[in-house]
Amino acid sequence: MRVLLATDFSPHADDAAKIVGSLPLPSGSTIRMVHVIEPFPEVTAFAPAGISELTAAAEEHVRGELESFAARLRAPGRTVETALAIGRTADVIIEEAERSEADLIVIGSRGRRAIKSALLGSVSAEVVDRAPCPVLVARGPALRRLVLAEDGSVTAAAGARLLATVPALSDLAVRVVSVVDAPFPSTLAGNDAAMATYAAIQAYYDSLPGLRDATAKIAHDRAEALAAAGMKATSEVREGDAAAQLIAAADADGSDCIVIGSHGRTGVARMLIGSVARTVLFNAPCSVLIVRGTKVPGGEREKVLAAST
């Protein structure tokens with residue numbers, strides 16, 4: 001397994017490193033730790049030579065910090081590499097992931113300095129949007145209990161497949177959470193509108209039992225499939241806003257991470273359509289593992305995960 005760990009040596013980056021260090025990675029795995037130095041635009045424009053001087057003066061210190069971090073991650077059966085780069089942080093991380101054919105990117109959610117930080121929250125979000133593989137945004141030092149968002153979609157199936165087929169994740173306890181997200185009909189003024197609204201409300205209440213049953217089956221089938229693949233899996237159904245309920249589910253039992261599939265919408269489409277994954281990413285107090293299905297390791301157990309897809 002190839003893990004790309006982005007670090008700016010902040011507390012959040014330290015949590016990311018602790019998670020990677022605690023994962024039971026398969027023998028032969030490689031961890032590539034990268035630190036990015038972003039040059040100040042004003043310095044770039046008016047004194048390019050200053051960047052080289054600054055980088056040369058700081059390089060030895062930064063490489064020392066990288067080596068200190070790397071030493072904590074080294075263990076039999078795994079290789080730890082370090083890389084120091086200058087450039088736009090998100091661009092460098094994506095390039096490193098593509099070049100190293102990373103199976104997973106691990107990144108802290110926020111850096112230690114507002115403008116100077118290499119790992120701002122916005123950088124994490126951009127990496128999630130553009131990454132060629134799953135991205136774990138760390139907000140804690142360990143992974144023990146997971147919440148898997150399940151809505152019966154292809155992206156949800158990718159999240160389940162990742163958990164079941166990656167040895168570093170398949171030993172963790174997972175709670176499959178499906179949400180009945182049926183907004184209450186809007187009310188309108190006027191006699192004709194009132195009649196239409198009444199009919200819509202009646203149809204809403206009539207549809208709820210079937211929707212609840214279908215949602216429960218989706219969650220149950222996924223949990224059963226994960227259990228058949230050897231995982232410790234349970235299921236739960238909630239009602240309300242999907243993102244809010246996933247966060248509440250994780251908070252209810254102190255889960256360390258929410259695993260959620262994403263279509264990876266970007267730009268105007270993302271702003272107009274919105275994204276449950278993005279809302280969870282920005283608001284969850286725990287770590288978030290975003291799986292877009294672009295690169296998910298497969299395995300023999302994958303066939304049992306066909307349920308509810």
Side-chain angles (χ1 to χ4, degrees), residues 19 104 109 128 134-140 142-166 168-184 207-264 274-293 296 301-302 304-309:
I19 285 178
L104 176 68
S109 64
V128 167
V135 180
L136 174 62
V137 179
R139 293 194 178 105
L143 297 181
R144 294 175 297 269
R145 293 184 298 277
L146 309 176
V147 164
L148 172 64
E150 175 59 66
D151 62 0
S153 68
V154 172
T155 52
R161 188 164 65 251
L162 178 72
L163 296 185
T165 57
V166 174
L169 302 174
S170 60
D171 288 337
L172 303 177
V174 57
R175 185 154 47 109
V176 179
V177 176
S178 294
V179 181
V180 179
D181 188 358
F184 193 80
S207 69
L208 279 181
L211 185 57
R212 287 168 177 152
D213 289 344
T215 303
K217 185 177 188 309
I218 287 172
H220 175 268
D221 287 353
R222 180 64 72 195
E224 286 288 301
L226 290 170
M231 294 193 70
K232 301 180 287 289
T234 58
S235 65
E236 177 184 358
V237 176
R238 287 175 165 259
E239 295 188 22
D241 176 78
Q245 289 303 316
L246 289 169
I247 293 171
D251 186 60
D253 72 346
S255 291
D256 308 291
C257 183
I258 298 173
V259 182
I260 185 167
S262 171
H263 295 291
S275 167
V276 173
R278 177 161 293 270
T279 302
V280 169
L281 175 63
F282 277 99
N283 293 282
C286 60
S287 298
V288 179
L289 175 56
I290 304 286
V291 185
R292 289 176 53 192
V296 178
R301 291 178 291 177
E302 186 171 336
V304 304
L305 301 177
S308 75
T309 59

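Along the sequence shown, the residues carry numbers beginning at 1. Heavy atoms only: backbone and side chains are in, while hydrogens, waters and symmetry mates are out. No experiment lies behind these values; they were computed from the predicted model shown.
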Engineer: To the nearest 0.5 Å, tell me how far Glu239 CD sits from Ser178 OG.
Structural biologist: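 Answer for the CD-OG pair, Glu239 versus Ser178, is 12.0 Å.
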
Engineer: Ile247 and side-chain contact (heavy atoms from CB on, under 4.5 Å): which partner among Cys286, Pro285, Ser255?
Structural biologist: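 Exactly one option meets the side-chain contact (heavy atoms from CB on, under 4.5 Å) with Ile247, and it is Pro285.
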
Engineer: Using side-chain contact (heavy atoms from CB on, under 4.5 Å) as the criterion, list what pairs up with Ala227, not counting sequence neighbours.
Structural biologist: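 With neighbours one apart ignored, the set is empty.
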
Engineer: Got a sec, which residues hit side-chain contact (heavy atoms from CB on, under 4.5 Å) with Asp213, two or more places apart in sequence or on another chain?
Structural biologist: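 If we apply the side-chain contact (heavy atoms from CB on, under 4.5 Å) test to Asp213, skipping adjacent residues, there are no hits.
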
Engineer: What distance separates Met231 CE from Asp171 CG, expressed to the nearest 0.5 Å?
Structural biologist: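 Separation between the atoms: 8.0 Å.
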
Engineer: So, for Ala249 and Val177, which heavy atoms are closest and what is the spacing to 0.1 Å?
Structural biologist: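 Smallest interatomic distance, heavy atoms only, reads CB-CG2, 4.0 Å.
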
Engineer: Quick check: closest heavy atoms across Ala284 and Arg139, and the distance to 0.1 Å?
Structural biologist: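 Closest approach of Ala284 to Arg139: O-NH1, 3.1 Å.
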
Engineer: Taking side-chain contact (heavy atoms from CB on, under 4.5 Å) as the criterion, tell me which of Asp151, Leu148, Thr155, Leu246 meets it with Ile260.
Structural biologist: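 Of the listed options, the one satisfying the test is Leu246.
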
Engineer: Is a side-chain N or O of Glu150 found less than 3.5 angstrom from the main chain of Gly152, in a donor-acceptor match?
Structural biologist: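 Yes, the answer is positive, given that a donor and an acceptor are paired below the 3.5 Å cut-off.
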
Engineer: Less than 4.5 Å apart, side chain to side chain, heavy atoms only: is that true for Leu172 and Cys257?
Structural biologist: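 When only atoms from C-beta onward are counted, Cys257 and Leu172 do not touch, as no gap falls below 4.5 Å.
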
Engineer: Minimum heavy-atom separation for Ala142 to Asp256, with atom names?
Structural biologist: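 Closest approach of Ala142 to Asp256, heavy atoms only: O-CB, 3.4 Å.
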
Engineer: Can you tell if the side chain of Leu289 reaches within under 4.5 Å of the side chain of Leu143, non-hydrogen atoms only?
Structural biologist: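 Result no, sub-4.5 Å side-chain heavy-atom pair not found.
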
Engineer: Which heavy atom of Ala219 sits nearest a heavy atom of Val237, and at what distance?
Structural biologist: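 Closest heavy-atom pair between Ala219 and Val237: CB-CG2, 4.4 Å.
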
Engineer: Is the side chain of Arg212 donor-acceptor paired with the backbone N or O of Val180 at a distance under 3.5 Å, no angle test?
Structural biologist: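 It does not hold such a pair.
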
Engineer: Do side-chain atoms of Arg222 reach the backbone of Ala156 as a donor and acceptor pair under 3.5 angstrom?
Structural biologist: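 No.
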
Engineer: Out of curiosity, His220 NE2 to Thr234 OG1, how far, rounded to the nearest 0.5 Å?
Structural biologist: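 With rounding to 0.5 Å, NE2 (His220) is 11.0 Å from OG1 (Thr234).
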
Engineer: Going by side-chain contact (heavy atoms from CB on, under 4.5 Å), name the residues that satisfy it together with Ala223, two or more places apart in sequence or in a different chain.
Structural biologist: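 Listed in chain order: Val176, Ala233, Ser235.
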
Engineer: Which residues satisfy the side-chain contact (heavy atoms from CB on, under 4.5 Å) test with Thr279, sequence neighbours excluded?
Structural biologist: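 side-chain contact (heavy atoms from CB on, under 4.5 Å) check on Thr279 returns Ala243, Asn283.
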
Engineer: Minimum heavy-atom separation for Ala250 to Val147, with atom names?
Structural biologist: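 The pair with the smallest heavy-atom distance is CA-CG2, 3.8 Å.
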
Engineer: Suppose we screen for salt bridge (Lys or Arg N to Asp or Glu O under 4.0 Å). Which residues come up paired with Arg238, at least two apart in sequence or across chains?
Structural biologist: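 By the salt bridge (Lys or Arg N to Asp or Glu O under 4.0 Å) rule, Arg238 matches Glu236.
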
Engineer: I'd like to check the side chain to side chain donor-acceptor pair (under 3.5 Å) partners of Ser287; sequence neighbours left out, ordered by chain and number.
Structural biologist: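 Partners of Ser287 under the side chain to side chain donor-acceptor pair (under 3.5 Å) test: none.
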
Engineer: What is the distance from atom CZ of Arg175 to atom CG of Asp253, rounded to the nearest 0.5 Å?
Structural biologist: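 Answer for the CZ-CG pair, Arg175 versus Asp253, is 4.0 Å.
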
Engineer: Which heavy-atom pair separates Leu146 from Leu163 by the least distance, and what is that distance?
Structural biologist: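 Heavy-atom minimum between the residues: CD1-CD2, 3.7 Å.
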
